[in-house]
4 protein chains.
Amino acid sequence: MAESRTSVAPRRTAARGRIDKRQAILDAAFRVFAREGYGQACVKEIAAEAGVAKPTIYNHMHDKESLFRESTAAVAARLSEGHIAALEPLREAPDDLADVLTEVGCRLLALHCSDESWALRRLLYAEGVRFPELLETVAGQGDRRLREALADRLARVALAGRMRTPDPDGAAEQFLALLTGPMEARSALGTRDVPEGERRGVAEAAVRTFLMAYGPS
Amino acid sequence: MAESRTSVAPRRTAARGRIDKRQAILDAAFRVFAREGYGQACVKEIAAEAGVAKPTIYNHMHDKESLFRESTAAVAARLSEGHIAALEPLREAPDDLADVLTEVGCRLLALHCSDESWALRRLLYAEGVRFPELLETVAGQGDRRLREALADRLARVALAGRMRTPDPDGAAEQFLALLTGPMEARSALGTRDVPEGERRGVAEAAVRTFLMAYGPS
Amino acid sequence: MAESRTSVAPRRTAARGRIDKRQAILDAAFRVFAREGYGQACVKEIAAEAGVAKPTIYNHMHDKESLFRESTAAVAARLSEGHIAALEPLREAPDDLADVLTEVGCRLLALHCSDESWALRRLLYAEGVRFPELLETVAGQGDRRLREALADRLARVALAGRMRTPDPDGAAEQFLALLTGPMEARSALGTRDVPEGERRGVAEAAVRTFLMAYGPS
Amino acid sequence: MAESRTSVAPRRTAARGRIDKRQAILDAAFRVFAREGYGQACVKEIAAEAGVAKPTIYNHMHDKESLFRESTAAVAARLSEGHIAALEPLREAPDDLADVLTEVGCRLLALHCSDESWALRRLLYAEGVRFPELLETVAGQGDRRLREALADRLARVALAGRMRTPDPDGAAEQFLALLTGPMEARSALGTRDVPEGERRGVAEAAVRTFLMAYGPS
DNA sequence: AATGAATGAGATTTCATTCAT
DNA sequence: AATGAATGAAATCTCATTCAT
């Protein structure tokens, strides 16, 4: 570890260090914002959690708002990648549609129920009104991207004759609603863990209903 | 009622005034919390909006936290009444199930999309972690009560042979998910208005899917 | 007790009640001032301790300062009576001077070390600068009166040939100093109890030294 | 020392400046506490008197209580040094015991009657109950240290045959009582200046009585 | 005479942010 | 680039005091 820093890429040490520090700040910021909420979070605590001095934060970010924007955007991007990856099993129109949808549903729910995901959702709900471009960027890049990707997959499935729907967008929207809607209450807005088994039950119920509505004749 | 105020019981003016003031404080508090978020809201602003002096607030409520708890609880109770009332058309197992469900769905969505409702939801998401008993009280008394009442109605409908479902709770959960799930993205977490027509479309789609899964054979 | 109020002197009930209430307020005020200090004491707490409403206090006393003045003055007067009474054994020039002085010393020390006495002393030290007329009244009526009374007694004793001193005032001053001076440290400014036996020891030592300086040839 | 500041170590200006500022804060705090009393003193005024901003105080001290503790402890330590120094003339068992004791008495009284000393005593009396460790530290390090040092000196004097006392501790205690006891009333608890001549008179009277009790046969 | 309610003023403390090094 | 120190502004909460009843 130390080696890779001191001998392999010594020229990059400074820049690398800077980037590392920036990342450490963003990570710490997200943790603190998630824990305390934007208004209650204080820069001092973020600095402490990032292991840097307070002014260092202001060297990297212009103010608390930027810090919030950038730290949440970073997490949102990371999560969004996961969502897209979770659709992988649907890439090819499958034979065992129910199984595949259930698998995808489970993957999506696992992500949806992760601490990070709930933390981000809480922050967006809380501060979306006061950070409208965050909603645009994050929720846009996040939820919309997922919905559209899922709609694409469903369209292929329908085209392959394994589903019937003239409206893949609506179908995707409802599939996601059937998956995530129930988690709100079951996890008490993310404050209680929902065990994997229970999540699977929700996914199976969602798929069952979904396929009765959209499944092959 | 109005009578007792103006003619029968002028002696009660003082107590009544106190109650009025308390209500004014709670209302103002909710508005400010909704606008600014818990952390950013300041008691001074709440006092100004309620038309009282700052210490008056502390005469009625012990501290900012209590103020938050009580003001949100009051709104939650009010909204919860509305939800139950919205189920009214389902009281008797109806002939035209689709129409009635659509009507109920529209009513629920209208409530769900009201400013007050979004404001409360935002605050719960935002501060639920730090006010766990709020989640219990408010979300419990709110969402659970609605879900259970709806499940009761659906059970009756099923009993009357107009639906088939061995699990009215799950059915209610999914019906609500199909209704409210799509609103999250469509209203951008409550920051954009969703016109009534669009809400009706969502309700109709929800009912369509719901009845294909649970409707009479 | 209740009788004397209701039947024996019914005409006086109101006035008596008012006086009682005033006394209750003064007593409560002294206790709270003693416990918290003038600046930290709050009228609300005094009212609670007196069992009356806050405005009632303002009906009896003009403001917090008056309350302080009157409550401390009342206690000071009470204590002063005790001091004078403690000199009783010296009324007649005694044969067994040492014993009598020791007895007087013990009595004075018991008073000096009472909770009330320390409380008053603390308040005078603390606020004397800001309530100069209190020092005049209280310390004057208190300490000076005691010193002068003691000097009178000592003068009589000297006149009776049982002491030799051309300066009874100075002798009284020193006797009191020998008595009370050591208590400051021993009781940690009144925060630790000094047992009676220890007080007697101090009194005996004071008398011994005093008599070696002023005793009969 | 002075050198290191002006010529040798200009690099230390920052740290030195911090220390200076800390000292300025402690000094100002003591002055304000002495003037107003703990409860009435306000941090804003202390900040103004120290020439710093309010938050700077909270950067150095955790809260008002710490500020009180530290500022009084600093003064107490300073005064205690003076007390010990005042005993200097007694270092060697002297020939002219009366003169030396009088000299020491005068020095002690001068200190005892200084503004700073009265201010500290007032604060200890006033707040000792609520700051018990202050009494321990300050009064302990102060009064006890003086009494013990004086007892040491008196023991030497007795050993040299110039006094007779089997109990130097008691003798020291009484000597100090004879000195300081009378000042309480004469200075009206430190609110009136006692001129040097008067102090000398008290010291002489104290020495006279003391030596009649403990002096050489 | 007594009180519930209200309030202006001000207390302590914290925070985001900036200098100077 | 990074930090120790400092600060203006503002937050929550308390207090002595006064009305209206």
Side-chain angles (χ1 to χ4, degrees), chain A residues 14-15 17-18 21-22 25 39-47 51-67, chain B residues 10-11 13-15 17-22 25 39-47 51-65 67, chain C residues 14-15 17-18 21-22 25 39-47 51-67, chain D residues 10-11 13-15 17-22 25 39-47 51-65 67:
Chain A
R18 176 138 231 264
K21 197 154 282 189
R22 181 186 179 83
I25 289 172
Q40 292 95 318
C42 90
V43 177
K44 184 180 177 181
E45 191 178 352
I46 294 174
V52 302
K54 236 189 310 173
T56 304
I57 290 186
Y58 286 90
N59 283 347
H60 286 264
M61 243 71 61
H62 181 252
D63 57 8
K64 196 186 175 187
E65 294 200 1
S66 313
L67 189 52
Chain B
R11 308 158 265 175
T13 303
R18 175 143 231 254
I19 288 172
D20 287 355
K21 199 152 282 187
R22 183 186 179 82
I25 290 172
Q40 292 95 321
C42 93
V43 177
K44 185 180 177 182
E45 190 178 353
I46 294 174
V52 302
K54 230 186 315 168
T56 302
I57 291 188
Y58 287 93
N59 282 348
H60 286 262
M61 245 71 61
H62 181 252
D63 57 6
K64 196 186 174 187
E65 292 200 2
L67 188 53
Chain C
R18 176 139 232 263
K21 198 154 280 190
R22 183 186 179 82
I25 290 172
Q40 292 95 321
C42 88
V43 176
K44 184 180 177 182
E45 191 178 352
I46 294 174
V52 301
K54 236 189 310 174
T56 305
I57 290 187
Y58 286 91
N59 283 346
H60 286 263
M61 243 70 62
H62 181 251
D63 57 6
K64 196 185 175 187
E65 293 200 2
S66 314
L67 189 52
Chain D
R11 309 156 264 175
T13 303
R18 174 142 231 257
I19 288 171
D20 286 356
K21 198 151 284 190
R22 182 185 180 83
I25 290 172
Q40 292 95 321
C42 92
V43 176
K44 185 180 177 182
E45 191 178 354
I46 294 175
V52 302
K54 233 186 311 171
T56 302
I57 290 188
Y58 286 91
N59 282 348
H60 286 261
M61 244 72 61
H62 181 253
D63 57 8
K64 197 186 173 187
E65 292 200 4
L67 188 52

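As the structure is a computational prediction, the values presented were derived from the model and not from experiment. Letters go in sequence order (proteins before strands), and every chain restarts at 1.
- Between the side chain of A/K64 and the main chain of A/A41, a donor-acceptor pair closer than 3.5 Å is present.
- C/D63 and C/S66 form a side-chain donor-acceptor contact under 3.5 Å, judged by distance and modelled atom types alone.
- The nearest heavy atom of DNA chain E to B/G51 and to D/E65 marks one nucleotide each, and the one closer to the 5' end goes with B/G51.
- Checking E/dA6, F/dT7, F/dT3 against the side-chain heavy atoms of D/V52 singles out F/dT7 as nearest.
- Atom NZ in C/K54 sits roughly 12 Å away from atom P in F/dT18 (whole-Å rounding).
- B/R22 and B/H60 make their closest contact through NH1-O, 3.6 Å (heavy atoms, listed as atom of the first residue, atom of the second, distance).
- If you check F/dT14 for Watson-Crick or wobble pairing at under 3.5 angstrom, you find it paired to E/dA9.
- Atom NZ in A/K44 sits roughly 14 Å away from atom P in F/dA6 (whole-Å rounding).
- Relative to the side chain of C/D63, the nucleotides F/dT17, E/dC19, E/dA2 differ in distance, and F/dT17 lies closest.
- For the pair C/M61 CE and E/dA1 C1', the computed distance is 14 Å after rounding to whole Å.
- For the atom pair NZ of B/K21 and CG of B/N59, the computed distance is 10.5 Å after rounding to the nearest 0.5 Å.
- Counting distance only, with no hydrogens placed and no angle test, the side-chain atoms of B/N59 and the base atoms of E/dA6 include a donor-acceptor pair under 3.5 Å.
- Taking atom CD of B/Q40 as the reference point, atom P of E/dC15 lies 13 Å away to the nearest angstrom.
- Of the residues near DNA chain F, C/P55 and B/A41, the one whose nearest nucleotide (by heavy atom distance) lies more toward the 5' end is B/A41.
- Residue whose closest nucleotide on DNA chain F sits further toward the 5' end, between B/C42 and C/V43: B/C42.
- A pairwise comparison of heavy atoms in C/A47 and C/A53 identifies CB-C, 4.1 Å as the closest pair.
- Between the C1' atom of F/dG8 and the CD1 atom of D/I57 lies a distance of 15 Å, rounded to the nearest Å.
- Toward the 5' end of DNA chain E, the nearer of the two residues D/G39 and B/T56, judged by each one's closest nucleotide, is B/T56.
- Distance CD (B/E45) to C1' (F/dA10): 13 Å, rounded to an integer number of Å.
- Pair assignment for F/dC19: E/dG4, on the basis of Watson-Crick or G-U wobble contacts that are both within less than 3.5 Å.
- In this model, the phosphate group of E/dA6 is approached by a side-chain N or O of B/H60 to a distance below 4.0 Å at OP1 or OP2.
- A pairwise comparison of heavy atoms in C/L67 and C/I25 identifies CD1-CG2, 3.8 Å as the closest pair.
- B/I46 has its CD1 atom 11 Å from the C1' atom of F/dT12, to the nearest Å.
- Between B/D20 atom CG and E/dG4 atom P the separation is 20 Å, expressed in whole Å.
- The listed nucleotides are F/dT17, F/dT7, E/dT18; the one nearest the side chain of C/Y58 is F/dT17.
- The side chain of C/K64 lies closest to F/dA16, out of F/dA16, F/dT7, F/dT12.
- Residue A/K21 has a polar side-chain atom (N or O) positioned under 4.0 Å from OP1 or OP2 of F/dA2.
- At the heavy-atom level, A/A47 lies nowhere under 4.0 Å from the strands shown.
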